[in-house]
Amino acid sequence: MEINKSNSMSLIILLVFVSGLVQANAYYYRQCSTTGTRCNGQYIRCPAECPSSESYDPKAKVCLIDCDKPTCSAVCRHRKPNCNAPGSGCFDPRFIGGDGRVFYFHGKSNKHFSLVSDSNLQINARFIGHRPDGRTRDYTWIQALGVLFNSQSFSLEAIKTAQWNDQVDHLKFTYNENELVLDESSLSTWYSPKKDVKVERVASKNSVIVTIEDVAEILVNVVPVTKEDDTIHNYQVPSDDCFAHLEVQFRFFSLSPKVDGVLGRTYRLDFENPAKPGVAMPLVGGEDKYKTTSLLSSNCASCVFSQESSSEKEITKVAEFVTLDCTKFSDGMGIVCKK
């Protein structure tokens, strides 16, 4: 059988193109594989500015595919917390809610508080700090996070240190209350037995991304209270503790309309922010409402988490409500929006 030269040449060109495309997928394309999302099954091209979803450079931007975006497009983002974007909790502690508004929640030193409480997810924070003479409240920072989900638990914390050293890793992890060891190398990764929890180092020390499949992503960075911060705010940091603490930023995938918690409630459609707009430090209270007895408990007055609901995963996504104003959420880091 004779093969037309023109058709033969077209076939060769097509094979070369497909071969190149397959190679390019590792660097320029990612597949949306989350069931139920708008772009599930599609391959989406990463921007030229950030052609890969991974980088050995902690400061480099990487490709983020938001599979719920109407345009099914990718964006570039840094892999460390953006303390000026929705879903963040940084400094002493300053939060930016799902509604895009800044508020402060001071809590109390050496106490635990519910940041997010939903039917299938509980995220608590341990606050550290101190109260100098003459102060009426504690100066506080987030020292640890505890997460409950799918009958599992995970925690991470900043290790106490007197003097800060960038060359020392100050992170400690547990999974189901057993210590978890993560190699100190950039992109070092740990997976849970079911592969539904991923912990990846962004840098060899003090920066990680925690991903709970189809539930949440947490960007974490460990920092000290610097001498400059101490001078500006008059924290009066003691010589034996630099208050190593966490900068965090959350990205949620399946919050329900009943989500609660210091941060979680700001994602509710009916949430009215009690923080006064236009003031330098808009404070919100609720310590008694959100206080838990430990880092890995869900027994606060407003907590709605239950292991049964977590296991069943029978939840209604906030993102499915057409009245949600997606213009409030920048960089895809507050919540995943869809119509």
Side-chain angles (χ1 to χ4, degrees), residues 13-88 156 166 169 171 173 180 182-192 194-223 247-253 329-338:
I13 292 173
L14 178 60
L15 290 174
V16 170
F17 173 77
V18 171
S19 175
L21 181 60
V22 172
Q23 292 178 355
N25 282 343
Y27 303 98
Y28 296 98
Y29 290 78
R30 292 185 66 192
Q31 183 182 24
C32 284
S33 57
T34 304
T35 303
T37 56
R38 185 185 295 268
C39 308
N40 184 36
Q42 294 193 34
Y43 278 92
I44 300 175
R45 183 181 181 120
C46 293
E49 181 187 355
C50 56
S52 175
S53 60
E54 295 183 344
S55 173
Y56 285 99
D57 181 0
K59 297 180 180 180
K61 289 184 177 181
V62 296
C63 178
L64 171 68
I65 303 295
D66 185 343
C67 294
D68 268 334
K69 281 199 170 184
T71 57
C72 295
S73 60
V75 296
C76 295
R77 61 137 182 187
H78 291 289
R79 292 182 299 162
K80 291 188 177 183
N82 180 352
C83 292
N84 295 310
S88 62
L156 61 86
D166 285 329
D169 187 48
L171 276 168
F173 311 92
L180 182 165
L182 186 62
D183 291 342
E184 291 184 25
S185 60
S186 186
L187 299 186
S188 174
T189 305
W190 173 90
Y191 287 95
S192 64
K194 294 182 179 180
K195 302 288 186 180
D196 54 349
V197 183
K198 175 184 177 183
V199 184
E200 177 189 1
R201 286 196 186 273
V202 174
S204 61
K205 298 171 178 63
N206 300 315
S207 295
V208 296
I209 297 177
V210 179
T211 305
I212 302 171
E213 186 179 27
D214 297 336
V215 176
E217 178 186 69
I218 312 172
L219 280 63
V220 180
N221 198 37
V222 185
V223 295
E247 295 176 335
V248 298
Q249 188 176 13
F250 301 94
R251 183 170 178 245
F252 303 110
F253 303 111
F329 310 109
S330 62
D331 302 321
M333 290 305 300
I335 191 170
V336 179
C337 291
K338 66 181 179 182

Exercise: identify the closest heavy-atom pair between [X] and [Y]:
{"X": "V62", "Y": "S53", "answer": "CB-O, 3.7 Å"}
{"X": "L187", "Y": "S55", "answer": "CD2-O, 3.6 Å"}
{"X": "D166", "Y": "N206", "answer": "O-ND2, 4.0 Å"}
{"X": "V75", "Y": "C50", "answer": "O-SG, 4.1 Å"}

Please lay out, stage by stage, how T189 and E54 fare under the test side-chain contact (heavy atoms from CB on, under 4.5 Å). CA-CA 12 Å; T189 305; E54 295 183 344; 5.9 Å; no
Rounded to the nearest 0.5 Å, how far apart are [atom1] of [X] and [atom2] of [Y]?
{"X": "Q249", "Y": "H78", "atom1": "CD", "atom2": "NE2", "answer": "11.5 Å"}
{"X": "L64", "Y": "E217", "atom1": "CG", "atom2": "CD", "answer": "7.0 Å"}
{"X": "E213", "Y": "K194", "atom1": "CD", "atom2": "NZ", "answer": "11.5 Å"}
{"X": "L156", "Y": "L180", "atom1": "CG", "atom2": "CG", "answer": "10.0 Å"}
{"X": "D196", "Y": "D214", "atom1": "CG", "atom2": "CG", "answer": "9.5 Å"}
{"X": "D169", "Y": "S204", "atom1": "CG", "atom2": "OG", "answer": "8.0 Å"}

Using salt bridge (charged side-chain N to carboxylate O under 4.0 Å, His left out) as the criterion, list what pairs up with E200, not counting sequence neighbours.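 If we apply the salt bridge (charged side-chain N to carboxylate O under 4.0 Å, His left out) test to E200, skipping adjacent residues, the hits are R79, K198.
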Partners passing salt bridge (charged side-chain N to carboxylate O under 4.0 Å, His left out) against K205 (at least two apart in sequence or in another chain): E184
Could you check F173 against V208 for side-chain contact (heavy atoms from CB on, under 4.5 Å), going step by step and ending with a plain yes or no? CA-CA 11 Å; F173 311 92; V208 296; 3.9 Å; yes
Would the distance check show the side chain of R201 and the main-chain N or O of D183 forming a donor-acceptor pair, the cut-off being under 3.5 Å? yes
Side-chain heavy atoms of S207 within contact of N221, under 4.5 Å: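 Heavy-atom side-chain distance check passes, below 4.5 Å.
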Contact check, side chains of P47 and C76, non-hydrogen atoms, under 4.5 Å: yes
Lys/Arg-Asp/Glu bridge criterion (N-O < 4.0 Å) met for E49, K61: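 Judged by the 4.0 Å cut-off on N to carboxylate O distance, E49 and K61 do form a salt bridge.
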SG proximity flag C46/C63, limit 2.5 angstrom: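 Answer is yes: C46 pairs with C63 in a disulfide.
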Report the C-alpha distance between F253 and V215 in whole Å, list the side-chain angles of each, state the deciding distance to 0.1 Å, and finish with yes or no for side-chain contact (heavy atoms from CB on, under 4.5 Å). CA-CA 5 Å; F253 303 111; V215 176; 5.5 Å; no
Qualifying residues under side-chain contact (heavy atoms from CB on, under 4.5 Å), relative to S73, sequence neighbours excluded: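 side-chain contact (heavy atoms from CB on, under 4.5 Å) check on S73 returns K69, T71.
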Disulfide bond (SG atoms under 2.5 Å apart) evaluation trace for C39 with C32: CA-CA 6 Å; C39 308; C32 284; 5.0 Å; no
